[in-house]
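Hydrogens, waters and symmetry mates are skipped; everything else that's a heavy atom, side chains included, is used. Just so it is clear: chains get the letters A, B, ... in the order the sequence lines come, proteins before strands, and each one is counted from 1.
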Protein chains: 2
Amino acid sequence: MNQPLRMTKQRAAVAEVLDASDEFRSAQQLHELLRDRGDTVGLATVYRTLQALADGGDVDVLRTDDGEALYRRCARAEHHHHLVCRSCGRAVEIDGPTVEAWAAEVGASQGFSDIEHTIELWGTCAQCRANVTKSS
Amino acid sequence: MNQPLRMTKQRAAVAEVLDASDEFRSAQQLHELLRDRGDTVGLATVYRTLQALADGGDVDVLRTDDGEALYRRCARAEHHHHLVCRSCGRAVEIDGPTVEAWAAEVGASQGFSDIEHTIELWGTCAQCRANVTKSS
DNA sequence: ACAGCTTTGACTTTCATTCTCAACAAGGTC
DNA sequence: GACCTTGTTGAGAATGAAAGTCAAAGCTGT
Ligand SMILES: [Zn+2]
Ligand SMILES: [Zn+2]
Ligand SMILES: [Zn+2]
Ligand SMILES: [Zn+2]
């Protein structure tokens, strides 16, 4: 079986920046944040840690329009989806009981098995909208 | 205003392979298919054409789990979603009136504007399931 | 301290996608 | 058809996210 991960200071640091932000962030952004905080963590380590956290279901991952991965530690561990601000990354966790059922049903009715679904909502949060308005 | 696109033999070729396949395919796969058919189209051109078709809403684009873009020319032009076989790319177009309403509503209720949604279902199609079973 | 792990990080490598730019082809005009 | 103007092509270089390499450094139990 796979050993439990050792808690090293860099893994702790990555976890901390994740906890500290409400927004979805890319691996590179997190790497920058760490640098700014004074913690020097190699980029490769950030990627590895994020990967591990994602595999363990401890962080949620989603992909931007152009394929970049964004990570965020969510409040709840149960299955849920997100409403993400496309300009700042701020996110709200959302449930969709109806949607869940719909997805499973549609999948099965078409003869597909091992159904999974990708459901994310994108928008502009109130704060970002205000900023855009102001600067125009 | 933007001129209409010129119809070149390479754009026609890309459109043809797209029309010929029911499955979601990557730019590289399409490039291979073209090569196999004898049409020599530069990879860059395949990407450019796909980009243009996507911008014009003539092909649907989605991203695999690891961020690669997949393209497919769908039967209908109206907004819809897909149930895609994660092993062969075969896809079924699906509607979700309920889901559409749900997405818009959730977005608005959280103070977000310009709501868009990403909804895709993944599974293993009957055919691929049969193949796996056979070879095990 | 020691041995036997795991983890790190600077660097290299991979791989999809985009860019550059000179040669080329479409469409319109006479 | 000959010709011009302008969009298009493609080989190769460039980009950028993500994963791999491997020697040095860090833990953990004895
Ligand atoms: Zn925002
Ligand atoms: Zn769900
Ligand atoms: Zn299949
Ligand atoms: Zn929809």
* To do: Hey, which sits more toward the 5' end of DNA chain C by its nearest nucleotide, A:T45 or B:Y71?
  => A:T45
* Structure fact -> Assert: residue with more 5' nearest nucleotide on DNA chain C, out of B:R63 and B:M7, is B:R63
Nearest whole Å is fine: how far is [N] [atom2] from [X] [atom1]?
X     : N      : atom1 : atom2 : value
B:H31 : C:dT17 : NE2   : C1'   : 13 Å
A:D66 : D:dT15 : CG    : P     : 17 Å
B:D39 : D:dT8  : CG    : P     : 19 Å
A:D65 : C:dA16 : CG    : C1'   : 16 Å
B:K9  : D:dT9  : NZ    : C1'   : 10 Å
B:Q10 : D:dA11 : CD    : C1'   : 14 Å
B:E32 : C:dC15 : CD    : C1'   : 14 Å
B:E68 : D:dA18 : CD    : C1'   : 14 Å

* **Neighbour count above 12 (heavy atom, 6.0 Å) for A:E93 CD** => yes
* Asked: Do other residues, nucleotides or ligands put more than 12 heavy atoms under 6.0 Å from B:R37 CZ?
  -> yes
* Does the ring center of B:H117 lie less than 6.0 Å from the ring center of B:H79? -> yes
Among the candidates [options], find the nucleotide nearest to the side-chain atoms of [X].
X     : options               : answer
A:R6  : D:dA18, C:dT7, C:dA16 : C:dT7
A:T8  : C:dT17, C:dT7, D:dA19 : C:dT7
B:A27 : C:dT17, D:dT9, D:dA17 : C:dT17
B:L43 : C:dT17, D:dG7, D:dT9  : C:dT17
A:R48 : D:dT9, C:dT17, C:dG9  : C:dG9

* Going by the side-chain hydrogen bond (donor to acceptor under 3.5 Å, both in side chains) test, name the single residue among B:D19, B:D58, B:D60, B:D22 that passes it with B:R73. => B:D19
* If each of B:A44 and B:R11 is mapped to the nucleotide of DNA chain D with the nearest heavy atom, which maps nearer the 5' terminus, i.e. the 5' end? -> B:R11
* Report yes if a side-chain nitrogen or oxygen of B:Q51 is closer than 4.0 Å to either non-bridging phosphate oxygen (OP1 or OP2) of C:dT18; otherwise report no. => yes
* **Short side-chain N/O contact from B:Y47 to OP1 or OP2 of C:dT18, under 4.0 Å** => no
* At under 4.0 Å between heavy atoms, what does B:T40 touch on the DNA or RNA strands: base, sugar-phosphate, or nothing? -> sugar-phosphate
* Asked: Which is it for B:H82 and B:V92 under the side chain to side chain contact (heavy atoms under 4.5 Å, CB included) test, yes or no, and what are the steps along the way?
  -> CA-CA 6 Å; B:H82 308 95; B:V92 180; over 6 Å; no
